[in-house]
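This report refers to the structure that appears directly beneath it.
Computed from a predicted model, the values in this text were never measured in an experiment.
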Amino acid sequence: MATQLRSLLSIIQKSIDDIEAEFVKHGSEFPSIDEPPSECDAIRLQPSVQAATALLTSAAYQLIATAQLPPSYIFNSLFGYYLPSALRAAMETNIVEILREAGPQGMHVKDIAKKAQVDPTKLSSILCYLATHHIFREIEPDVYVNNRLSSVWDTEKSLEEIKESPMTKFDGTNGIAALIGHCADEDYKGAGQIADHIMAPETAFEDTPERSPLMTALGYDKGSMWSWFEEPSNEMRLRRFGIAMNGVNSLQPPDAILKGFDWASLPEGSVIVDVGGGIGVSSISIARAFDHLKCIVQDRAMVLKLGTEHCQKLLPAALESGNIEYHEHNFFDAQPQTSATVFLLKQITHDWSDRYVVQILQRLRDAATPTTTLVIVDTIIVHPCPSPPSDIPGANLVPPPSPLLANLGVANASTHFADLSMFVHFNAQERTLVHMVELLAKTGWKVIRVYRSDDSGGYLPQIVATPATIPASTKE
């Protein structure tokens with residue numbers, strides 16, 4: 001019988017073979033981490049390459065955890081908090097842009113520091129630490145260049161342009177630099193409060209967004225994160241957060257909403273109510289693909305103004321024809337659309353603790369017809385251990401090869417980052433499928449299908465539910 005080390009090595013070898021075979025099929029080679037981004041990166045998005053990469057990543061991290069001495073592994077994990085701090089320092093001081101302008105010959109840390117207007121000794125420690133984690137490349141002592149990893153948060157703006165207008169640094173970017181800024185600033189500060197929050201009697205069982213770890217860290221007692229962002233002194237942070245969230249959304253293809261629930265099967269004139277739909281990203285994708293459907297996007301007035309402008313740029317015909325409409329609505333109030341074919345809730349439930357989610361779902365159930373369908377799109381937490389089988393179609397995942405964790409471990413860690421981030425920001429959470437089924441059942445909905453977005457099963461699947469009779473015990 002193969003040892004665990006050999007079994008993990010076998011998974012790594014097979015995954016590399018599968019990835020390289022796909023690149024050969026396209027007449028290319030897998031890129032080096034030291035090369036700049038190129039057209040061959042599109043091959044990495046192939047489903048077969050993504051699946052092999054997930055297995056490779058899972059096995060590689062598990063191999064490290066298995067092979068390292070336990071104290072070494074724990075200490076390396078413990079001191080990982082310096083990584084987001086260093087990332088933010090590099091992003092805020094525009095190191096990527098400085099090195100891009102320096103070119104392939106790189107730049108000495110003293111010259112980088114002069115342009116960034118920081119202490120070269122301190123910057124040297126930061127860049128050396130990042131390069132040790134393969135972010136930036138040190139080509140000779142204290143001389144650095146960008147690599148494939150550092151380049152992902154390049155704003156593609158000149159240093160001069162950024163200095164002239166720091167408020168608009170993230171405008172027009174892919175959102176990754178803004179995401180680093182938000183996560184290593186607000187999110188990082190809130191994360192430092194987690195242990196104190198769960199142990200303090202006054203916050204241990206708190207479930208309101210107004211008393212979250214983040215609000216404690218910021219010393220803010222006038223409301224939730226949203227009201228904090230709207231304070232005049234936080235104008236830059238609010239702008240950065242919006243761009244960061246667009247960056248997160250861009251990690252999933254714009255047409256991802258079309259893969260799963262059968263929108264094409266809906267009859268002519270069916271009404272999709274996009275509850276808390278923001279600027280209408282999902283509704284625009286649906287309306288573009290299926291012009292026989294009508295989409296109503298509901299959100300706050302300020303958001304709807306941006307949404308109308310966004311739709312006018314991307315799909316003006318839908319606004320003119322009435323295939324997309326924007327309506328102001330608070331989803332805690334009674335739902336005015338009482339003849340909806342589909343209620344769509346995309347990335348809404350994770351912002352709220354259970355009692356608030358129950359209110360949202362109950363409002364939709366009260367407004368539903370017997371034939372209304374509810375489609376929820378949110379991250380699902382998958383346990384590291386095997387879970388009992390479900391009788392819901394699409395709910396069960398294909399187990400990964402032994403000895404990998406059932407949720408693919410670190411390869412699927414982003415769902416757990418998101419879970420803790422929802423806790424820190426709002427006293428909320430990402431949920432397991434069992435948890436979501438229970439909340440839906442409590443409010444009169446029955447889950448009939450799950451559409452997974454990938455083999456890991458956690459990132460933004462679609463949960464489809466239909467009206468069911470509310471158990472008498474739950475009725476008031």
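For residues 288-315, the set of pairs meeting the side-chain hydrogen bond (donor to acceptor under 3.5 Å, both in side chains) definition, not counting sequence neighbours, comprises Lys294-Glu325, Gln298-Gln335, Lys305-Glu309. For residues 68-78, no residue pair satisfies the side-chain hydrogen bond (donor to acceptor under 3.5 Å, both in side chains) rule, not counting sequence neighbours. Sequence neighbours left out, the pairs with a member in residues 189-214 that pass ring-ring contact (aromatic ring centres under 6.0 Å, His included) are His197-Phe423. Residue pairs meeting the ring-ring contact (aromatic ring centres under 6.0 Å, His included) criterion with at least one member in residues 173-192, sequence neighbours excluded: His182-Phe241, His182-His425. Contacts classified as side-chain hydrogen bond (donor to acceptor under 3.5 Å, both in side chains) and involving residues 199-216 (residues at least two apart or in different chains) are given here: Glu206-Thr208, Glu206-Arg211, Asp207-Arg355. Within the structure, side-chain hydrogen bond (donor to acceptor under 3.5 Å, both in side chains) pairs that include any residue of residues 46-64 comprise Glu22-Ser48 (at least two apart or interchain). Contacts classified as salt bridge (Lys or Arg N to Asp or Glu O under 4.0 Å) and involving residues 50-77 (residues at least two apart or in different chains) are not found.
Here His133 pairs with Tyr129 under the ring-ring contact (aromatic ring centres under 6.0 Å, His included) rule; sequence neighbours left out. Partners of His350 under the ring-ring contact (aromatic ring centres under 6.0 Å, His included) rule, at least two apart in sequence or in another chain, do not exist in this structure. Applying the ring-ring contact (aromatic ring centres under 6.0 Å, His included) criterion to Phe426, with sequence neighbours excluded, gives Trp226.
A heavy-atom distance below 4.5 Å is not found between the side chains of Asp18 and Leu55. The shortest side-chain heavy-atom distance between Arg237 and Phe229 falls under the 4.5 Å cut-off. Under the 4.5 Å side-chain criterion, counting only non-hydrogen atoms from C-beta, Arg431 is in contact with Val357. Residues Thr173 and Ile243 have side chains in contact (heavy-atom distance under 4.5 Å, counting atoms from C-beta outward). Thr341 has its side chain out of reach of Thr373: every pair of non-hydrogen atoms, C-beta onward, lies at least 4.5 Å apart. Side-chain contact check for Leu345 versus Leu364: some heavy-atom pair is nearer than 4.5 Å. Using a 4.5 Å heavy-atom cutoff, the side chains of Ile376 and Leu361 are in contact.
A side-chain N or O of Asp366 and one of Gln362 form a donor-acceptor pair less than 3.5 Å apart. A side-chain donor-acceptor contact under 3.5 Å links Lys169 and Asn94. A donor and an acceptor atom, one from each side chain of Ser353 and Gln429, are nowhere located under 3.5 Å apart. Judged purely by distance below 3.5 Å, without hydrogens or angles, the side chains of Asp255 and Ser285 never pair a donor atom with an acceptor atom.
Using cut-offs of 30° and 60° for the angle between ring planes, the Phe261 and Trp263 rings count as perpendicular.
Counting heavy atoms of neighbouring residues, nucleotides and ligands inside a 6.0 Å radius, atom CD of Glu231 exceeds 12 of them. Heavy atoms from other residues, nucleotides or ligands lying under 6.0 Å from OH of Tyr82 number 12 at most. Other residues, nucleotides and ligands place more than 12 heavy atoms under 6.0 Å from the NE2 atom of His327. Residue Lys189 qualifies as enclosed at atom NZ: its count of foreign heavy atoms under 6.0 Å is above 12. The number of heavy atoms from other shown groups lying within 6.0 Å of CZ (Phe417) does not exceed 12.
Interatomic distance, CD1 of Ile286 versus CG of Leu266, reported as 9.0 Å (0.5 Å rounding). Rounding to the nearest 0.5 Å places CD1 of Ile95 at 6.5 Å from CZ of Phe136. To the nearest 0.5 angstrom, Gln4 atom CD is 9.0 Å from Leu63 atom CG. Within the model, atoms CD of Glu438 and CG of Asp354 stand 9.0 Å from one another, a figure rounded to the nearest 0.5 Å.
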query: Can you check side-chain contact (heavy atoms from CB on, under 4.5 Å) on Ile135 and Leu87, steps first, answer last?
result: CA-CA 9 Å; Ile135 301 169; Leu87 280 169; 4.0 Å; yes
message: Please evaluate residues Lys157 and Asp171 with respect to the criterion side-chain contact (heavy atoms from CB on, under 4.5 Å), reporting the C-alpha separation (whole Å), side-chain torsions for both, the decisive distance (0.1 Å), and the verdict.
response: CA-CA 10 Å; Lys157 298 180 179 180; Asp171 291 10; 4.1 Å; yes
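Of all non-hydrogen atoms in Glu430 and Asp419, the two that sit nearest each other are N-OD1, 3.0 Å. Between Leu149 and Val152, the shortest heavy-atom contact is O-CG2, 3.1 Å. For the residue pair Ile126 and Ala89, the shortest heavy atom distance occurs at CD1-CB, 3.9 Å. For the residue pair Lys446 and Ala468, the shortest heavy atom distance occurs at CB-CB, 3.8 Å. The minimum heavy-atom distance linking Ile257 with Ser282 is given by the pair CG2-O, 4.0 Å.
Between Arg240 and Glu186 there is a salt bridge, with a side-chain nitrogen of the basic residue lying less than 4.0 Å from a carboxylate oxygen of the acidic one.
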Show me the side-chain donor-acceptor pairs of residues 272-281 shorter than 3.5 Å, one per line, residues at least two apart or across chains.
{"residue": "Asp274", "atom": "OD2", "partner": "Ser283", "partner atom": "OG", "Å": "2.8"}

Return a table of donor-acceptor pairs under 3.5 angstrom between the side chains of residues 389-402 and protein atoms on other chains or two or more places apart.
{"residue": "Ser390", "atom": "OG", "partner": "Ile392", "partner atom": "N", "Å": "3.1"}
{"residue": "Asn396", "atom": "OD1", "partner": "Ser390", "partner atom": "N", "Å": "2.8"}
{"residue": "Asn396", "atom": "ND2", "partner": "Ser390", "partner atom": "O", "Å": "2.8"}

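Looking at Val297, Ile296, Val303, Leu306 one by one, the single match for side-chain contact (heavy atoms from CB on, under 4.5 Å) with Tyr326 turns out to be Val297.
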